[in-house]
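Before any comments, here is the structure.
Order of listing sets the numbers, starting from 1, for every ligand and every atom in it. Model, not experiment: these values are computed from the prediction.
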Amino acid sequence: MAYIEVKRLYKRYRMGENVIEANRDINFSINKGELVIILGSSGAGKSTLLNVLGGMDTFDEGQVVIDGTDLANFNDYQRTEYRRRDIGFVFQFYNLIANLTARENVELAVEISEQPLDPGQVLTDVGLKERMDNFPAQLSGGEQQRVAIARAVAKQPKLLLCDEPTGALDYETGKQVLQLLQDMSRKKGATVIIVTHNGALAPIADRVIHLRDATVDKITINPKPQDIK
Ligand code: ADP
Ligand code: ADP
């Protein structure tokens, strides 16, 4: 069975009389350990879908089965537990705490996890051995994004959800971050989902889910995804 099965998913936002259908009849599946890109232009419904998959938001209809459990059956408490236990998030603007060092940012995040990895080791793995006692403002954009990835990975999440993780980075630095995410999937077996509007990223993924006007336009499988070099 696939690791993630989404069937007939609908998510609507209600604003007074108006109803916006942000996700409409979405269907796809994802296998464990895949690197997946959710691709679409602004307003296509990508962030909405990522929020649903990560248990940050509820949905109106359909099934979102992750590791055999349908998120539709979760109450608020169970959704929060799922989010804390199973999900790592990486955002475009890193969301690091400014007055904590790189190491402290990672330590804080793993406090609530059951089987955390050693923060110092994870920071070393992402190439920040010499920088872990620096504050975010002392690090370059790429280094801050690597701290954010270390923070997400140290929880040993089953699922790593990344919203435009290279959006604020220059080309070379972005490449390093993508390489790290590809390694997470290939070497550590994590399921990694990247949301982006940048079609140039598509060749690196095992699976590309194209979203358009709130629904799946097409799904592409890359039998031989491009190595990031
Ligand atoms: P994307 O991430 O692809 O840019 P979003 O998922 O953010 O798309 O948005 C999809 C649609 O849902 C857009 O029309 C957006 O305006 C609308 N939308 C997103 N979040 C909300 C919200 N909290 N309340 C109302 N409408 C929203
Ligand atoms: P990049 O081109 O990778 O985004 P920068 O040009 O911003 O990085 O920085 C280059 C190097 O200088 C990086 O290794 C970064 O850690 C270091 N650096 C940048 N800003 C500071 C700072 N305020 N204090 C200490 N080191 C810094």
Side-chain angles (χ1 to χ4, degrees), residues 4-30 34-66 70-72 74-80 82-84 86-96 141 144-145 148-149 152 157 159-169 171 174 177-178 181 185 191-222:
I4 299 178
E5 293 267 9
V6 174
K7 289 186 186 156
R8 298 196 58 257
L9 167 67
Y10 285 78
K11 168 68 187 176
R12 304 181 184 99
Y13 295 108
R14 285 168 194 81
M15 300 197 296
E17 298 282 279
N18 287 336
V19 178
I20 293 170
E21 212 157 61
N23 283 170
R24 171 168 38 85
D25 194 15
I26 302 242
N27 298 277
F28 61 81
S29 58
I30 291 175
E34 282 186 344
L35 175 66
V36 177
I37 286 183
I38 297 176
L39 184 64
S41 51
S42 179
K46 306 184 295 298
S47 297
T48 299
L49 180 56
L50 205 69
N51 288 343
V52 167
L53 292 174
M56 288 188 290
D57 214 344
T58 56
F59 49 99
D60 294 279
E61 287 179 44
Q63 292 182 311
V64 178
V65 181
I66 300 190
D70 189 349
L71 301 192
F74 279 178
N75 59 32
D76 287 352
Y77 173 78
Q78 289 170 312
R79 225 179 23 257
T80 303
Y82 158 76
R83 189 169 66 226
R84 289 196 176 150
D86 293 347
I87 310 295
F89 290 102
V90 177
F91 302 96
Q92 179 173 9
F93 296 110
Y94 332 128
N95 292 41
L96 300 175
Q144 289 184 59
Q145 191 58 295
I149 291 170
L159 186 55
L160 199 55
L161 300 177
C162 314
D163 201 346
E164 299 279 5
T166 60
L169 305 175
Y171 181 80
V177 163
L178 293 174
L181 293 172
S185 118
T191 307
V192 180
I193 303 182
I194 300 174
V195 154
T196 184
H197 67 275
N198 183 0
L201 301 188
I204 70 162
D206 298 299
R207 187 186 300 266
V208 184
I209 299 169
H210 302 254
L211 285 192
R212 193 163 66 172
D213 298 335
T215 197
V216 176
D217 187 32
K218 63 174 174 175
I219 295 175
T220 329
I221 312 269
N222 290 334

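For the pair Gln63 (side chain) and Leu71 (backbone), a donor-acceptor distance under 3.5 Å is absent. Lys11 places no side-chain N or O within 3.5 Å of a backbone atom of Asn23 that could act as its donor or acceptor partner. Listed for the Glu164 side chain is no donor-acceptor partner under 3.5 Å among the backbone atoms of Asn198.
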Inventory of protein N or O atoms under 3.5 Å from ligand 1 N or O:
residue, atom, partner, partner atom, Å
ligand 1, 2 (O), Ser47, N, 2.8
ligand 1, 2 (O), Ser47, OG, 2.9
ligand 1, 3 (O), Ala44, N, 3.1
ligand 1, 3 (O), Gly45, N, 3.0
ligand 1, 3 (O), Lys46, N, 2.9
ligand 1, 3 (O), Lys46, NZ, 2.8
ligand 1, 4 (O), Gly43, N, 2.7
ligand 1, 6 (O), Thr48, N, 3.0
ligand 1, 6 (O), Thr48, OG1, 2.5
ligand 1, 8 (O), Gly45, N, 3.1

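Note: Leu50 CG to Asp57 CG = 11.5 Å, rounded to the nearest 0.5 Å.
Applying the salt bridge (Lys or Arg N to Asp or Glu O under 4.0 Å) test to every pair with at least one member in residues 87-96, sequence neighbours left out, gives no pairs at all.
The pair Lys7-Asp70 does not meet the salt-bridge criterion, since no charged nitrogen lies less than 4.0 angstrom from a carboxylate oxygen.
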